[in-house]
Amino acid sequence: MTRALTDHLVECRALGRRALVCYVTAGHPDPAASLRLLRELPAAGADVIELGVPFSDPLADGPVIQASSQRALEQGMTLDGALALVSEVRPSVPVVLFSYLNPLLAAGQQVLARAADAGVQGVLVTDLPVGMDPEREAWLGGGPLEFVRLVAPTTPLARMAEIAKHGSGFVYLISRLGVTGMQSQIAADLPRSLAELRSVCALPICVGFGISDAGQAREIGAMADGIVVGSALVKAADSSVDDALVLVRELRAALDSLAS
Amino acid sequence: MAAGDSDRFGAFGGRYVPETLVPALEALEVALAEALADPEFVTELDQVLQHYVGRPSLLTEAPRLSEEVGVTVWLKREDLNHTGAHKINNSYAQALLGKRMGKRRIIAETGAGQHGVATATACARLGLECVVYMGEEDMRRQQLNVFRMQLMGTTVVPVTSGTRTLKDATSEAIRDWVGTSTHSHYIIGSVVGPAPFPRMVRDFQAIIGREARAQMLARAGRLPTSVVACVGGGSNAMGIFHAFVDDQAVELIGVEAAGEGVESGRHAASLTKGVPGVLHGFLSYLLQDAHGQIHPAHSISAGLDYPGVGPEHAFLRDSGRATYVSVTDEAALAGFELLSRLEGIIPALETSHAVAWIAGARGRWSRDDAVLLCVSGRGDKDVSQVADLIAARAAGDT
């Protein structure tokens, strides 16, 4: 298995650089804008791009990402369409495919190889927790992609260790209860979750859900190896690609102000 | 703890949820096992079912329908339960369980409104806060049930995403639970969702079949030739099938909603036309396109308007133990009128699908056979919709 994603994040850590993981929904607000985002996010400061595969029933997502998925689907975006975007741009930072399980199942066994050929490094599945379907987990984790797993605020320590053991790339720590979406306050028990996870996890840890501005980026960036920005970025992209890039530069600057 | 074989029915079922919900589902599984082993819980539930819900529900012979179709038809009268459908068997049991787990808030989704009403009812009696998610389109179709829930102190939240029906209400209820599982219990309304829901809901509904089996033996002196029930998610069908699964001679028939026809693309016949996939936390037959996007379901009855089906039904179908057929909107409407006219029982539009299938299968049985039909609910909630449909049909005829 490759370790391009892990290696990239470990390198960031060695340089004292907090990773900025940027989520965008494939085909949102339209395919042309998606292409521009994939091209320009790295220069604006993204270290990893999470490319969301739109799904008709995104039950882990709040209103912003739901609406972006709906809009992308209405314009005909598909999993193969998302891979075509990656293949056309070949972004200069690693790309993680962020998907619900069903579109991956429908795409068939060969989809992971197709994704790798398109230039995707990792895959993250929102609705396949560790240990719940060993056969499909072996498929996703045993192929050419690094398989990013999630830890939630409700995850007990023993399960955190289990998740860390089965994951690759990085571990995505969900900062708070609930679905994706912007939040004005950072969850009070995040430092404890992070410390617990750190004690059982050698992989880089990126924290996501609810991060929307420079202040939160600094606060969480000070504790984690990286942060994930999703809904806030998708919302900015709703206005324009330029607004999205402005937000990414702000978050980059905030994280760089922490660099040791 | 990993989800083992007990979380599946053959290849179907499972626990495909956001990580945040995994501990809540594990805790629910443990609490359920403890509750079922606790005589106090079992007795309390039994008392409620007897003295509040009105169980056992009657087994009624249907003489004129029997004459019409040439076979003796017996009706299991879940329509006579408090709140008018089988849904309360599950809702009340889960609300009791939620309360026992220390949850003070209950979440539910509803399509036709029957599960929402049943859950609102249980919460009113148990003093629990209740929030029901309901598609905007279904709120329009089932205004009376919205008002019923509100009367009982429940907050009904309109769901405006996607198709604005049961599928989207379910997604929204799950989203709520992802954020509130520490103090809320989610009462899913059918034999769907992540484990342990499909098995738990089946077990709480299995009282239908246990009673009906004993009543058939006592009244008819025999087991039925065929057991027939409508299938959306499939809870009344699993409830009545379960007691008969080991009676190999008893045929089990589930009737899906064919909407405007299974070839029309506008139907809810997941077992007839679906492909296995994952939605709402479980693996089963789903209406979906080649890209794995869920296809909107359509049915005249809001309660069958769901693009998936309980995983145990998928298993029973693939193993050949149960047979699944489908009935169109138009035939269901005729079934609604038929049972009303012949037996003085106005069935729910969901149940009407099963009535219509039996009526259409005339000649399939001999006069000595016995058919057991699960009357999953009463049709009061559908009367104004049916009045409009009949008026439209009459206008179309002229």
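In what follows, every heavy atom counts, from backbone to side chain, and hydrogens, waters and symmetry copies are set aside. A note on names: the letters A, B, ... follow the listed sequences, proteins ahead of strands, and every chain is numbered from 1.
- Annotation: side chain of A:Asp57 is in contact with side chain of B:Leu279 (closest heavy-atom distance under 4.5 Å).
- Residues B:Gln288 and A:Ala106 approach most closely at OE1-CB, 4.5 Å, considering heavy atoms.
- At a 4.5 Å heavy-atom cutoff, the contact between B:Pro23 and chain A is made by side-chain atoms alone.
- For A:Leu79, no part lies near chain B; criterion is any non-hydrogen pair under 4.5 Å.
- Remark: B:Ser171 OG to A:Asp61 CG distance equals 11.0 Å, nearest 0.5 Å.
- Under a 3.5 Å cut-off, the side chain of A:Thr154 and the backbone N or O of B:Thr20 do form a donor-acceptor pair.
- Residues A:Pro129 and B:Arg15 fail the side-chain proximity criterion, which asks for heavy atoms closer than 4.5 Å.
- Taking 4.5 Å as the limit, some side-chain heavy atom of B:Thr182 sits within range of a side-chain heavy atom of A:Leu177.
- Contact check for B:Arg8 versus A:Asp133: side-chain heavy atoms found under the 4.5 Å cut-off.
- You'll find the side chain of A:Leu59 stays beyond 4.5 Å of the side chain of B:Val178, heavy atoms only.
- Here the side chains of B:Tyr16 and A:Arg136 are in contact, with some heavy-atom distance below 4.5 Å.
- With a threshold of 4.5 angstrom between heavy atoms, B:Thr163 does not approach chain A through any atom at all.
- Highest contact tally toward chain A, considering only B:Val278, B:Val275, B:Asp176, is held by B:Val278 [criterion: heavy-atom pairs under 4.5 Å].
- Within the 4.5 Å cutoff, no side-chain heavy atoms of A:Arg149 are placed close to those of B:Glu19.
- Contacts with chain A were tallied for B:His295, B:His291, B:Arg175; B:Arg175 has the most, counting heavy-atom pairs under 4.5 Å.
- With hydrogens and angles disregarded, a donor-acceptor distance shorter than 3.5 Å links the side chain of B:Gln293 to the backbone of A:Pro54.
- Between A:Asp127 atom CG and B:Leu21 atom CG the span is 11.0 Å, to the nearest 0.5 Å.
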